[in-house]
Novice: 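Below is the structure I would like to discuss, written out as structure tokens.
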Amino acid sequence: DMGGHDTYMHKEIHEQAEAVDRALRGRIDDRFSTVHLGGLNLDARDARAVRRVKILGCGTSYHAGQIGAQMIEELARIPADAEPASEFRYRNPVVDPDTLYIAVSQSGETYDVLAAVQELKRKGARVLGLVNVVGSAIARETDGGIYVHAGPEVCVVSTKCFTNMVVSFGLLALHLGRTRDLSVADGKRIIEGLRKLPGQIEEILANEEQIEKLAGEYADAKSMMFIGRVRGYPVAREASLKLKEVSYIHAEAYPASELKHGPLALIEPAMPTVAIVPDDELLEKNRAALEEIKARSGRILAVAHQEQEKADHTIVVPKNEDELDAILMGIPLQLFAYYTAKAMGRDIDKPRNLAKSVTVE
Ligand code: F6R
């Protein structure tokens, strides 16, 4: 039942405030400015013994993992990174007992992720799951974990589950941070930021008409560039994937800082750029990248916390805490991908050549 929406993608995009609310419910502990994650199966001593975090997933879940790794580094100061599960399992990785491995998956059935988990377990590693589907294979094979509680996701293209994964990583980063050096004051600040998310998602979705119009303006592009840096880079990668999947417009994502090392050669009026421009310590750097693009007559659509003078259009999103901004900045670009695909008459819920869960190698 699509409840008045024309596609599951549209419905699921609009369920995000409610889904995030569900991910937060019952987990926040104001007394100690931390969160409780019931199924984690990692006591404070274990949490403190973690020397490194390695996150494994595929596609959108891998991108959620990249944002998660940044949050864990920032809030818990544990070195963390994400890698596609398939790459990890084929390169004979060094498996280290002091590393906490986290497998991320909506379905909990993705073969490459499951195989990575099994290989890690065989080598004695500690593996947690960050999964949506309760009781799925990856949820069962991991030592513990977090259910992201996005609810059923029917559209092949992941939207609300991505958002809930990133929120769940925020919870985990806060939890790990508070067993280590994150102060009570910073813990409080992050909790306040998390509590603001559902309302801010509603604000973003209320801007749907502007986004629909913008999608119409850019739908003629053969190819689009997505840029961001540090916190904005995985957001750019995910937005680029979303556009490709549903509209079949070619898109690629680059760190804004890498533009001048090659991809700037592609910039011309027919190659628009979507730029993620958070109002954080990198704002001036990001503005400089917009100037470089403008100087080559590139069209720019910015997603930012305030109007960007150098951009042709800006989608303004509400500001949260710097560490949590990445959760919100991709949401308008889900709608952008949806409306672009709609303008092109694509089969939005079932893009060609794709399946909802990839249970083969
Ligand atoms: C993109 C998308 C895919 C999945 C990937 C992993 O919109 O849906 O990239 O994210 O196939 O699937 P799960 O999360 O089920 O392991």
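Atoms within a ligand are numbered from 1 in the order they appear, just like the ligands themselves. Please read these numbers as outputs of a predicted model, since none were measured by experiment.
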Novice: Heavy-atom distance to atom 12 (O) of ligand 1: which of Thr110, Asp112, Leu354 wins?
Specialist: Thr110

Novice: Going by distance only, is there an N or O of Glu245 that falls short of 3.5 Å from an N or O of ligand 1?
Specialist: yes

Novice: Any nitrogen or oxygen of Met165, main chain or side chain, under 3.5 Å from a nitrogen or oxygen of ligand 1?
Specialist: no

Novice: Does some side-chain heavy atom of Leu335 sit less than 4.5 Å from a side-chain heavy atom of Glu212?
Specialist: no

Novice: Which of the numbered atoms in ligand 1 are under 4.0 angstrom from any heavy atom belonging to Val157?
Specialist: 7 (O)

Novice: So do Val303 and Thr314 actually touch side chain to side chain, heavy atoms under 4.5 Å?
Specialist: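 They are not in side-chain contact.
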
Novice: Heavy-atom contacts with Gln106 under 4.0 Å: which atoms of ligand 1 show up? List them by number with element.
Specialist: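 Within the 4.0 Å cut-off of Gln106, ligand 1 contributes 13 (P), 14 (O), 15 (O), 16 (O).
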
Novice: Quick check with a 6.0 Å cut-off and a 45 degree axis cone: is Arg299 positioned over the face of Tyr218's six-membered ring?
Specialist: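 The answer is yes; both the distance and angle limits are met.
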
Novice: For ligand 1, which atoms, with element, lie under 4.0 Å from some heavy atom of Gly59?
Specialist: 9 (O)

Novice: How far is atom 11 (O) of ligand 1 from the closest protein heavy atom, and which atom is that?
Specialist: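 That would be Val358 CG2, 4.2 Å.
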
Novice: Does a side-chain heavy-atom distance below 4.5 Å link Lys356 with Gln106?
Specialist: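 When only atoms from C-beta onward are counted, Gln106 and Lys356 do touch, with a gap below 4.5 Å.
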
Novice: Got a sec: does the CZ of Arg45 have more than 12 other heavy atoms crowding it under 6.0 Å?
Specialist: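 No, not enclosed.
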
Novice: Which atoms of ligand 1 have any heavy atom of Val156 under 4.0 Å away?
Specialist: 8 (O)

Novice: Applying the salt bridge (charged side-chain N to carboxylate O under 4.0 Å, His left out) criterion to Arg126, which one of Asp46, Asp96, Asp143 satisfies it?
Specialist: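 Answer to the salt bridge (charged side-chain N to carboxylate O under 4.0 Å, His left out) test with Arg126 among Asp46, Asp96, Asp143: Asp46.
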
Novice: For Phe226, does the six-membered ring have the charged nitrogen or CZ of Arg237 within the cation-pi criterion, i.e. under 6.0 angstrom from the centroid and within 45° of the normal?
Specialist: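 Negative - Arg237 is either too far from the ring of Phe226 or too far off its axis.
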
Novice: Output the list of atoms in ligand 1 that are nearer than 4.0 Å to some heavy atom of Ser61, sorted by atom number.
Specialist: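 Those qualifying, in numeric order: 10 (O), 13 (P), 14 (O).
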
Novice: Tell me, which protein residue and heavy-atom name are nearest atom 3 (C) of ligand 1, and how many Å apart are they?
Specialist: Thr60 N, 4.1 Å

Novice: Checking a contact table here: which protein heavy atom is nearest atom 15 (O) of ligand 1, and how many Å away?
Specialist: Ser107 OG, 2.7 Å

Novice: Find all atoms of ligand 1 within a distance of less than 4.0 Å from any non-hydrogen atom belonging to Lys242, and give their numbers and elements.
Specialist: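 Listed by number with element, the hits are 1 (C), 7 (O).
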
Novice: Evaluate Glu284 against Arg287 for salt bridge (Lys or Arg N to Asp or Glu O under 4.0 Å), listing each step before the verdict.
Specialist: CA-CA 5 Å; Glu284 288 316 312; Arg287 283 196 173 137; 3.1 Å; yes

Novice: Suppose I only count heavy atoms of Ser158 and a 4.0 Å limit; which atoms of ligand 1 are within that range?
Specialist: 7 (O), 8 (O)

Novice: Look at ligand 1 and say whether Cys58 reaches it with a heavy atom at a distance under 4.0 Å.
Specialist: yes

Novice: For Phe162 together with His63, are the ring centres under 6.0 Å from each other?
Specialist: no

